[in-house]
Amino acid sequence: MRIIPLILAVALFMENMDSTVIATSLPAIAADIGAEPISLKLALTAYFVALAIFIPLSGWMADRFGAKNVFRWAIVVFMIGSICCAFSDSLLTFVLSRFLQGVGGSMMTPVARLVLVRSTKRSELVSAMAWLTVPALIGPISGPPLGGFLTTYYSWHWIFWINVPIGIIGLILITRFLPATADARNERPVDIPGLMLSAITFAGVLFGFSVISLPAIPIAVGYASVVVGLVAGVLYLRHAKRTKYPILDPALFRLPLFRSAIVGGSLFRIGLGAFPFLMPLMLQLSFGLTPFESGLTTFIAAFGAIVSKFGVQRLYRTFGFPRTLVMLALIGCVFLAINGLFMPDTPRWLLMGALFAGGLCRSFFFTGLNALVFADIDEEHASQATAINAVAQQLSIAAGVAVAGGIIELTSNTFNGGVLTLGDFHIAWFVVAGISLLSALPFLRLPPDAGSDVSGHGVKPMPKTEPVAA
């Protein structure tokens with residue numbers, strides 16, 4: 001329990017810092033490679049598409065080839081993708097490099113999380129999810145100010161070079177400390193047809209949403225891509241019913257806690273995905289802040305996430321999963337909508353206070369949610385649940401980027417002749433908050449004691465007994 005968190009932290013640190021660094025530096029990258037800032041959301045989406053395509057293989061590969069080997073190769077691929085990003089000189093090369101990064105990222109966090117779930121008692125899962133994530137949250141804290149500093153005073157290329165020494169440290173830790181007992185093996189065959197259909201589904205839908213909102217690409221291409229993805233999704237569901245070992249088993253959605261966690265979490269993550277895209281753009285393009293100033297402002301949200309880790313277990317033990325998640329979903333959406341009220345003359349302390357509270361609330365929500373996913377999952381289906389959860393996370397975050405970009409693109413073209421204004425960002429915040437608000441609905445249908453064996457809600461501690469005299 002001390003070694004696994006360190007290994008997991010390396011993967012989460014790289015991924016979280018990388019995403020927050022890039023979000024802060026998007027305007028500078030766009031100006032240097034000759035692209036529009038909104039167009040660069042295609043690069044963000046490319047990363048998420050790669051995750052969605054290859055994450056389904058993560059559990060199978062960890063069982064077949066060993067978690068240590070898969071983890072090491074994933075970091076190597078991520079490092080190579082980072083180097084390619086640093087050398088990119090056009091939108092196309094940057095998008096392809098981000099896709100390569102996504103291939104590596106697709107195997108890092110899911111494999112580590114699978115090891116964590118299999119090595120943790122159910123009653124300790126909330127605490128483990130909270131404590132094990134604290135080191136990795138250094139990434140979002142250091143990412144925005146570091147990315148802003150490098151972009152403002154040096155060059156955006158350096159934000160990708162920093163992944164190389166981090167990756168080397170990760171390789172050393174994995175080689176030396178990851179226990180061999182984590183490398184459980186099986187002979188389950190890989191579902192090649194299902195993998196291909198799921199890849200077409202995820203890539204088609206996500207790419208289509210991005211293309212629809214990109215003025216440089218014919219909109220018809222986007223609609224066609226979405227249709228192809230949806231058709232492939234229907235074919236995959238039919239295929240999964242006839243396959244003994246589907247790559248992603250939809251039968252798990254019959255479990256009420258798993259279904260509620262995936263559906264509710266996906267809706268709430270739309271806001272999470274939109275935040276690192278909308279906030280830096282709004283602060284830099286509408287408020288006139290430099291990337292460094294923008295990073296110093298937004299880092300406080302990640303700091304709020306770290307603070308939440310130290311009281312999350314008591315919160316869920318006291319109130320249980322359903323009531324806590326509903327309350328946090330409502331409060332979290334309020335703080336998303338508040339971002340649509342900020343103006344350039346808003347006091348900086350008030351802005352940062354709202355960002356801190358929003359980060360605190362979102363972290364409370366997701367820590368409990370990640371534990372609820374496995375509340376009614378047995379050991380046999382743990383790898384499947386991990387893969388489905390990871391895919392749903394990345395799809396919903398990517399959907400948040402696509403929705404946010406599409407809204408500001410639509411409003412700017414409709415009302416302002418293609419010129420971005422602060423009002424476009426305000427509308428986007430309100431719409432994203434409204435969509436995320438729907439996340440409370442799945443948890444309202446659960447009984448108050450749902451998942452109590454994981455949260456500890458309503459479970460009385462064992463009474464102390466006096467020793468019996470001989």
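All heavy atoms count here, side chains included; hydrogens, waters and symmetry mates do not. Because the structure is predicted, anything quoted here is derived from the model rather than measured.
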Measure the shortest side-chain to side-chain distance between [X] and [Y] over non-hydrogen atoms and say whether it is less than 4.5 angstrom.
X: Lys244; Y: Asp191; answer: no
X: Val103; Y: Phe78; answer: no
X: Met107; Y: Ile75; answer: no
X: Val234; Y: Leu230; answer: no
X: Arg323; Y: Phe443; answer: no
X: Leu372; Y: Tyr316; answer: no

Smallest separation among heavy atoms of [X] and [Y], with atom names:
X: Asn163; Y: Ser82; answer: ND2-OG, 3.0 Å
X: Leu369; Y: Ala261; answer: CD1-O, 3.4 Å
X: Phe253; Y: Arg259; answer: O-NH1, 2.7 Å
X: Thr386; Y: Pro110; answer: CG2-O, 3.6 Å
X: Leu257; Y: Ala450; answer: CD2-CB, 3.6 Å

Mark yes or no for whether [X], through its side chain, and [Y], through its backbone, hold a donor-acceptor pair below 3.5 Å.
X: Thr175; Y: Ile172; answer: no
X: Ser363; Y: Gly359; answer: no
X: Gln384; Y: Pro246; answer: yes

In terms of heavy-atom contacts, does CE of Met196 have more than 12 from other residues, nucleotides or ligands at under 6.0 Å? no
Would Arg98 count as a cation-pi partner of Tyr47, with NZ or CZ less than 6.0 Å from the six-membered ring centre and within 45° of the ring normal? yes
Under the criterion ring pair (Phe, Tyr, Trp, His ring centres under 6.0 Å), I'd like the reasoning laid out for Phe268 against Phe366: C-alpha separation, chi angles, the key distance, then a yes or no. CA-CA 9 Å; Phe268 195 83; Phe366 285 122; 5.4 Å; yes
Using the rule side-chain contact (heavy atoms from CB on, under 4.5 Å), only one of Ile388, Leu248, Val391 pairs with Ile55; which is it? Val391
Listed by chain and number, what are the ring pair (Phe, Tyr, Trp, His ring centres under 6.0 Å) partners of Phe319, not counting sequence neighbours? none
From Arg317 CZ over to Ser452 OG, what is the distance, rounded to the nearest 0.5 angstrom? 12.5 Å
Look at the rings of Phe99 and Phe54 and say which category their plane angle falls in: under 30° parallel, 30 to 60° tilted, over 60° perpendicular. perpendicular
